[in-house]
Amino acid sequence: MIEEYLRVPLSTITLAASQTLYMVGWSLVAGAVLGMLLAIVVVLTRPGGLHANRAVFFVVSTVVNVVRSVPFIILMVTIMPLTKIIVGTRVGTTAALVPLIVHVGPYLARLFENSMLEVDNGIIEAAQSMGATTPQVIWYFLIPEAKASLVLALTTGTIGLLGSTTMAGTIGGGGVGNLALTYGYERMNTPLMIVTVILLVALVQILQSIGDTISRRMRHLD
Amino acid sequence: MIIEFQNVEKTFADKKQNVHACRDINLTVEKGDIYGVVGYSGAGKSTLIRMVNALERPTSGTVTVNGVVISELQGQELVRARKDISMIFQQFNLLESRTVYENVAMPLVLNHTPKAQIREKVLQILQFVELSDKADVYPSKLSGGQKQRVGIARALATDPSILLCDEPTSALDPRTTDSILNLLMKVNRELDVTILLITHQIDIVRKICNKVAVMEGGYIVEQGDVKEVFAHPRRPITQAFVETVVEQTIPETILREAAARKGQSKAFKIRHIGGNICDTFLADLRSRFSADFQTLFISVNELQGSILTVIGLQVIGDAAQIDEVEEYLFEKYEYEEVEL
């Protein structure tokens, strides 16, 4: 019945959904790791930071800004040669992971950086006065104190990523966005379009609610 | 000595100008002291205390702690030295994401102390600061005084020999302040911890410190035993500080009445430190001299187990009578003449 109404096989829909999940999932994990590393470097080396280093701060900060300035769809085609080197092909769902990670890493880095900068400098001072080493300051003080805010940042990043994956169809990445475009828009299948959009909206709402709830619990205010 | 500053200067290089936070600092804290550094904000006391655990480094001069020049330590050596110098803060700086127990345990976790040992130590310290019932509570649920108790407990976890207190009571109300001061005294006496504290509240110096240094514009302008400095403040800033806790102005109405009194007279402000002289002071004068006496004002203050008394006195009589009283006051008390 659903198939008749939407005029596509159910398997096409589930495939698109699983492709989106695959792209969001892996690029989120890898992007979060990359973003966290970049954010830590920026926080430590910024002027007044624990290991203030103008050169490193300038370079990393600039790279983050440059990558963030490039629209995802342009980034995707620009770094195709890099994609080819890493995954052996320029097209397909797995190939889409490379630009997605390159795109979301610096984005999350900025969000994580802001979260960590919210941690009161007094906390860092307290950590140092206890004789904490730099890795200890990061692991026991900076990240735990920022984690409620980091979760919100990650939520924002995930939702942004979901939006970016819809463009992955350009390089044959498939996914829900591609489904809406090729089957819905190009074949003028309005019901399919509407359902896809509703699903995406619902997904974003759910993600945001989960993020908000976890973050609130972490603040230990109530 | 346990902490020693020798010719310490600290300059912060700003874009436009150099800010001299600390200048020509020479200060010695002995084992067992509760040493108070008092000054208005911007006097340099915050920079001074941060040089003791090398959160700040002097531009020149040396800071020695327990025989080690801490201002030159780096890396692991510095990390190790800091374990013996704890610090508490005006804003407490507790970890909001961790319970009271976890906060107090943190310095031990950083030291890789075995869990069982951490547990024993933390429970023992929580009892010491009277917060055993709050072990599993998050800091956001605590009052300011309780937060500072956690701060103190956390600072004591590593059995330090020195406790640095950065405005420890400035965010607290007066009653809570007293309970924290009592706790700090208990830490000093029972655990044999030397305390260096900075504050803009001279009253807490009066209550718990045995030594005091007054800072102004980056310099220490006056230092010494609390009794001595409170009884004989020399610099205007010290006098201003002392006056906020030791009342020593003669009320204006009384001064006017004194001025209107007929006959020849002279007024004095007499200071005495030691026992209670409220009753004996005037009786003594009256039994010795024929001049007439009028008390203008008395202020009686607790000071480190002694009593600091400031008395305003008008002596009425002829020149010879007044002179002999003044001579007696000169021998027995510290005094100054007050213009009527």
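Sequence lines set the chain letters: A, B, ... in the order given, protein chains first and strands last, and positions in each chain run from 1.
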Next on the checklist: I'd like to know which of B:R80, B:M106, B:Q90, B:Q76 tops the heavy-atom pair count under 4.5 Å against chain A.
Outcome noted: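 Result: the option with the highest number of such pairs is B:M106.
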
Next on the checklist: Counting heavy-atom pairs closer than 4.5 Å to chain A, which one of B:L95, B:I88, B:L55 comes out on top?
Outcome noted: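 Highest number of heavy-atom pairs under 4.5 Å: B:L95.
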
Checklist entry - Which residues from residues 122-131 of chain A are near chain B, with near meaning under 4.5 Å between non-hydrogen atoms? => result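 Listed by number, the contacting residues are A:G122, A:I123, A:E125, A:A126, A:Q128, A:S129, A:M130, A:G131.
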
Listing, residues 156-163 of chain A side-chain donor-acceptor contacts under 3.5 Å, not counting sequence neighbours, or none:
{"residue": "A:T156", "atom": "OG1", "partner": "A:L152", "partner atom": "O", "Å": "3.0"}
{"residue": "A:T158", "atom": "OG1", "partner": "A:L154", "partner atom": "O", "Å": "2.6"}

Item to check | B:R119, CZ atom: more than 12 neighbouring heavy atoms under 6.0 Å | outcome: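 It does not: B:R119 CZ has 12 such atoms or fewer within range.
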
Checklist entry - Is the CZ atom of A:F58 crowded by more than 12 outside heavy atoms at less than 6.0 Å? => result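 Check fails, neighbour count at 12 or below.
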
Checklist entry - Can you name the residues that form a side chain to side chain donor-acceptor pair (under 3.5 Å) with A:T83, not counting sequence neighbours? => result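 Scan of A:T83 (side chain to side chain donor-acceptor pair (under 3.5 Å), adjacent residues dropped) gives none.
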
Next on the checklist: Whether the side chain of B:E96 engages the backbone of A:E145 through a donor-acceptor N/O pair (distance < 3.5 Å, no angle test) should be reported.
Outcome noted: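 Such a contact is absent between B:E96 side chain and A:E145 backbone.
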
Next on the checklist: Can you confirm whether B:N93 sits close enough to A:F141 that some side-chain heavy atom of one is under 4.5 Å from a side-chain heavy atom of the other?
Outcome noted: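 No, side chains not in contact.
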
Distance-only check: which donor-acceptor pairs under 3.5 Å involve side-chain atoms of residues 120-138 of chain B, not counting sequence neighbours?
{"residue": "B:K121", "atom": "NZ", "partner": "B:D159", "partner atom": "OD1", "Å": "2.7"}
{"residue": "B:K121", "atom": "NZ", "partner": "B:D159", "partner atom": "OD2", "Å": "3.3"}
{"residue": "B:Y138", "atom": "OH", "partner": "A:H220", "partner atom": "NE2", "Å": "3.4"}

